[in-house]
There are 2 protein chains.
Amino acid sequence: MARRSQTEVAVLGALSVAPMTGYAVREAIRDVLGHFWSESFGQIYPTLAALEGEGYVRRVDKAAPYELTGVGEARLKELLAEPAQRVPPRNGLMLRLFFGRQLGPEACRALLRDALGDARRQLSEYAAPRAAVSAEGGADAPYALITIAAGEHTARAAIAWAEESLAELGES
Amino acid sequence: MARRSQTEVAVLGALSVAPMTGYAVREAIRDVLGHFWSESFGQIYPTLAALEGEGYVRRVDKAAPYELTGVGEARLKELLAEPAQRVPPRNGLMLRLFFGRQLGPEACRALLRDALGDARRQLSEYAAPRAAVSAEGGADAPYALITIAAGEHTARAAIAWAEESLAELGES
DNA sequence: CCGGGCATGTAACGCGTTACATGATTCG
DNA sequence: CGAATCATGTAACGCGTTACATGCCCGG
């Protein structure tokens, strides 16, 4: 039995915030959840069609945005309560560093410098959404802040790790 | 063009440490790289067959372990030098927490407690390999230690984040 | 001698991306 | 009017997991 798709969760979740078109669902996922989730059109449209067939979402006419139905909201709660699928890890950076001897110290330092830059940029990118969510408040704010905090902690850990590892590889 | 598989990198990398059977490749990947990489038999055997056909690995007879050839080692260096594929993020825990309002505070605290336990266990699991690699030394040791350090930093960050977030959700 | 670990493979399946096709609307 | 963006979909493809099938060998 293959891993079950969690696309429905993401799509229903997006529609639970506000009714929107499939296109907008993708924008929302990219912009708001982009740091820990992604969906492509090839997933979103078939999923929306299936959800519509099951009565979890509806649109008043073929050109209107999708909106969540009552059963749809119940379905979302149900799916959220299921245990999160854990994806088998596949970290290409670590794979390369682990076999770093084959690659040479300078190339590894380059990888670490890239990772450091990425982590710093990511950390800076959390400032804006954090400020926006804090200012806006609302019942969803605490939960959004928790996911933002996760990103910040992860980014800071990556920064500390990369700096430390660069020093150990005889930072040039 | 679909994302390129990095299975070859992992398999050639494993064989660069020592000749071994396909079964042992999987054991090695699971035990040594398990925290940041995984491969299944369904990937390993076809990949080994393909690599053999291209002359990157060989076995003296059909029952012998696979070993890396000269071109195979060159191929590994080549593949390691390619930029790491970045996998689109899919973090089911964050997805659930982001829509935590639908799920309710208590269920979210349960998720965080689970995550905290996982992170603590993971952190403790790095102690043994760190000691082993440190004691053994060797040219590969610095690189292995870097990947272990990454796991430790990540785990500590997860612990701090989970504790902090539990407090914010009114830790009961 | 039989159960469990070692060992090799393959078939089926679902997931997700990418690319393509098409059309409407908006804005400069 | 032409380009960019919004919008909806589909087809093809590769990746990776899971499950199944098979056989060997060793220790109890």
Side-chain angles (χ1 to χ4, degrees), chain A residues 1-11 14-15 18-31 33-34 36-53 57-67 79 82 84-92 95, chain B residues 1-11 14-15 18-31 33-34 36-53 57-67 79 82 84-92 95:
Chain A
M1 165 184 56
R3 262 196 326 282
R4 218 206 119 121
S5 174
Q6 294 178 106
T7 298
E8 291 180 33
V9 187
V11 171
L15 292 179
M20 59 183 95
T21 65
Y23 190 90
V25 167
R26 207 250 185 152
E27 299 270 284
I29 290 176
R30 179 195 277 308
D31 297 346
L33 315 178
F36 56 83
W37 204 263
S38 74
E39 293 291 348
S40 58
F41 286 132
Q43 291 285 104
I44 289 174
Y45 285 115
T47 299
L48 277 170
L51 290 171
E52 192 177 19
V57 308
R58 119 179 63 102
R59 46 185 177 176
V60 291
D61 65 274
K62 224 203 71 185
Y66 287 93
E67 54 179 319
L79 289 174
E82 287 182 3
Q85 306 277 354
R86 61 180 58 228
V87 180
R90 254 151 183 258
N91 187 325
L95 190 62
Chain B
M1 165 185 52
R3 262 197 323 285
R4 219 208 116 114
S5 174
Q6 293 178 105
T7 297
E8 292 180 35
V9 187
V11 172
L15 293 178
M20 61 184 96
T21 66
Y23 190 89
V25 166
R26 206 248 188 154
E27 299 270 284
I29 290 175
R30 181 193 276 308
D31 296 346
L33 315 178
F36 56 81
W37 202 262
S38 74
E39 293 290 348
S40 59
F41 287 133
Q43 291 284 104
I44 288 173
Y45 285 115
T47 299
L48 277 170
L51 290 172
E52 191 177 19
V57 308
R58 119 179 62 105
R59 47 185 176 175
V60 291
D61 64 274
K62 224 202 72 183
Y66 288 93
E67 54 178 319
L79 289 174
E82 288 181 3
Q85 306 277 353
R86 62 179 58 230
V87 180
R90 257 160 179 250
N91 187 325
L95 190 62

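Reminder, nothing fancy here: chain letters follow the sequence lines and each chain counts from 1.
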Any A/Ser38 side-chain N or O less than 4.0 Å from OP1/OP2 of C/dT17: yes
Sugar-phosphate only, base, or nothing, as touched by B/Gly22 at under 4.0 Å among non-hydrogen atoms: sugar-phosphate
Length of the line joining A/Gln85:CD and C/dG16:P, which is rounded to integer Å: 10 Å
Side-chain ion pair, A/Arg58 and A/Glu67, N-O less than 4.0 Å: yes
Which nucleotide in C/dG9, D/dT17, C/dT18 has an atom nearest any side-chain atom of B/Tyr66: C/dG9
Interatomic spacing from CG in A/Asn91 to CD in B/Gln85 - rounded to 0.5 Å: 12.5 Å
From B/Ile29 atom CD1 to A/Leu95 atom CG, the distance as rounded to the nearest 0.5 Å: 8.5 Å
CZ on B/Arg59 to CG on B/Leu48, rounded to 0.5 Å: 8.0 Å
Nucleotide D/dG16, atom C1' - distance to CH2 of B/Trp37 in whole Å: 12 Å
Pair A/Arg90-B/Thr7, side chain to side chain contact (heavy atoms under 4.5 Å, CB included): steps then yes or no: CA-CA 10 Å; A/Arg90 254 151 183 258; B/Thr7 297; 3.6 Å; yes
Distance below 4.0 Å between B/Thr47 side-chain N/O and D/dC15 OP1 or OP2: no
Between P of C/dT18 and CD of A/Gln43, the distance in whole Å: 11 Å
Nearest-Å distance for atom pair NZ/P, residues A/Lys62 and D/dG9: 7 Å
Sugar-phosphate only, base, or nothing, as touched by A/Thr21 at under 4.0 Å among non-hydrogen atoms: sugar-phosphate
Any A/Tyr23 side-chain N or O less than 4.0 Å from OP1/OP2 of D/dT8: no
Length of the line joining A/Phe41:CZ and C/dC15:C1', which is rounded to integer Å: 18 Å
Rounded interatomic separation in angstrom, taking CD from A/Glu27 and C1' from D/dA4: 13 Å
Of the listed nucleotides D/dG9, C/dG16, C/dT10, the one nearest the side chain of A/Arg59: D/dG9
Which residue lies more 5' along DNA chain C, comparing B/Arg90 with B/Tyr45 via nearest heavy atoms: B/Tyr45
Separation of C/dT17 C1' from A/Ile44 CD1 (nearest whole Å): 12 Å
Distance below 4.0 Å between B/Ser5 side-chain N/O and D/dG14 OP1 or OP2: no
Value in whole Å for how far the P atom of D/dC6 lies from CZ of A/Arg26: 11 Å
